[in-house]
Amino acid sequence: MGFIHVTDRQGTKHDLDAVEGWRVMEIIREHGLPIEAVCGGACECATCHVHVSPEWHEKLYPAREEEEDMLDELPVLSGTSRLSCQIIWSRELDGLELTLADSGGG
Amino acid sequence: MSGDVVSIENYTPQMKHSKECDVAIVGAGPVGLFAVFQAGLLGLKCILVDALDRPGGQCAELYPEKPIYDIPAYPVISGQELTDKLLEQIKPFDPEFLYSQQVAKLVKRTDGRFELTTSQGAVIRAHTVFIAAGAGSFVPRKPKIADIEAFEETSFFYAVRNREIFVDRNLVVFGGGDSALDWTLDLLPDVNSITLVHRRDKFRASPASVEAVRKAVAEDRLQLVFGQLDGLHGKSGNLEKITVKTNEGRLEAIKADRALAFFGLNIELGPIAKWGLNLDSKLIAVDTEKFETSTPGIFAIGDINWYPGKLKLILSGFHECALAAQAAFKIARPDEKLVFRYTTSSSDLHEKLGVA
Ligand SMILES: Cc1cc2nc3c(=O)[nH]c(=O)nc-3n(C[C@H](O)[C@H](O)[C@H](O)COP(=O)(O)OP(=O)(O)OC[C@H]3O[C@@H](n4cnc5c(N)ncnc54)[C@H](O)[C@@H]3O)c2cc1C
Ligand code: FES
């Protein structure tokens, strides 16, 4: 077992237990935090946008071209923007820290 | 789009003559489309409204090329193929489609019918309403930038409705997809200056457009900036300057009095929240006998509804259409008796389907 640490849009921190092989978006959604994830993880909607903490951002697998294409559709990105449906949780990601982006992906 | 919705308040429906039907369907996704079939078998006439400019909802907008494996009798079918097949199936019932507009208002009239008003001012009067709105309307994604509302629809736009307003202007276009590139190239000859802003040196657009954009940049007819929108500056909705944060972290000011943003589409529940229905987490509660909402005569089918055990599947939505149509018949045709018949063997249904 491991955890991810998610800050919601009000600034409240949540420690969510993670499941090996699940998408980070699915872990967030399963715990009832407000992530829209309209396309269910198909990398087609960008409404699962998160800002990963800088320390963790560099440890993640880089975004694939498909994810970059969807990030293109977001007006405002941070340097550590990712789509959480494209990050698969594994033990190496125990302690992953991120913040939910605005609703609608923005 | 929100601009359109607001202007509706000043519109008097009496001014324009209204369209009449038995079932007004909010949303032309797969479930709204199949509702036309089920209603049609019972002789009910439908009008559909969608915020998108074409039918298919999520299937057409989010995953037209992706395969679906759980549509009965289709081992595999893509989102677009499913949409096309549904359109073919409902063709005999000749439904009317109103595209590129939201249903903004829904009220019950004193004669018992419902009146729907769209963001473009169309008025529909119907005996019953099917809300097949999925996760909500597809609308342009808007940057969350301070004071942007002041500029929207005055000097900052999400679509080109009237190209005249860009002539001889200093235009900034945001985005890296086909819409952004096509409009950049299209307006290029007419504007005074034009700048394309995109987050990276890679475009998701047709190779011909990308090449044309690169050529225009090389010839100094088009400025290309890599970065993202930082701020809008001007007075009373009139843009004077746009600041862009470049990828190197610099703030660059661009002289501009018009802007166009193409950031893809977002889904928002929109006006439905104001129709007095029993909503919980953006879903409308219904019963499982008729899929009727808390307001008799208004039904909710497909992804938008909720009942114990609900699964957001196309399959479930199709079943809901059939039962809601039965209930709608009783409201629209109170004096007629409904007989249960199979499409295989009923000559009456064959006539309706045009196969008699
Ligand atoms: C990537 C992906 C893969 C999927 N795979 C499957 C699968 O394999 N099998 C399956 O069964 N399901 C699948 N789904 C889910 C399926 O697409 C939905 O269940 C289905 O689209 C729901 O249909 P609907 O008609 O209820 O709503 P939608 O398809 O969401 O259509 C609703 C329409 O209503 C319009 N609308 C909303 N409000 C208004 C308004 N006020 N005025 C005007 N128009 C309005 C919207 O613009 C939209 O076009 C998938 C979904 C996605 C995103
Ligand atoms: S859930 Fe749609 S892109 Fe991630």
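Here is the naming used below: chain letters follow the sequence lines, and residue numbers restart at 1 for every chain.
By the 6.0 Å contact criterion, CD on B/Glu248 is enclosed, its count of non-hydrogen atoms from other residues, nucleotides or ligands being greater than 12. Within 6.0 Å of atom CD in A/Glu65, more than 12 heavy atoms from other residues, nucleotides or ligands are found, so the atom counts as buried in its surroundings.
Close approach to chain B, defined as a heavy atom under 4.5 Å from one of its heavy atoms, is seen in no residue of residues 9-23 of chain A. Residues of residues 43-64 of chain A that come within less than 4.5 angstrom of chain B, heavy atom to heavy atom, are A/Glu44, A/Cys45, A/Ala46, A/Thr47 in numerical order.
Ranked by heavy-atom pairs under 4.5 Å with chain A, the list B/Gln58, B/Lys144, B/Arg200, B/Lys66 is led by B/Arg200.
Heavy atoms only, all atoms of each residue included: A/Pro75 and B/Arg141 are closest at CD-CD, 3.7 Å.
With a 4.5 Å cut-off on side-chain heavy atoms, A/Met70 and B/Arg204 count as touching.
For the atom pair B/Ile267 CD1 and A/Glu36 CD, the distance stands at 8.5 Å (nearest 0.5 Å).
Only the side chain of B/Lys282 comes within less than 4.5 Å of a heavy atom of chain A; its backbone N, CA, C and O stay farther away.
With B/Arg199 contributing its side chain and A/Glu68 its backbone, the two residues share a donor-acceptor pair below 3.5 Å.
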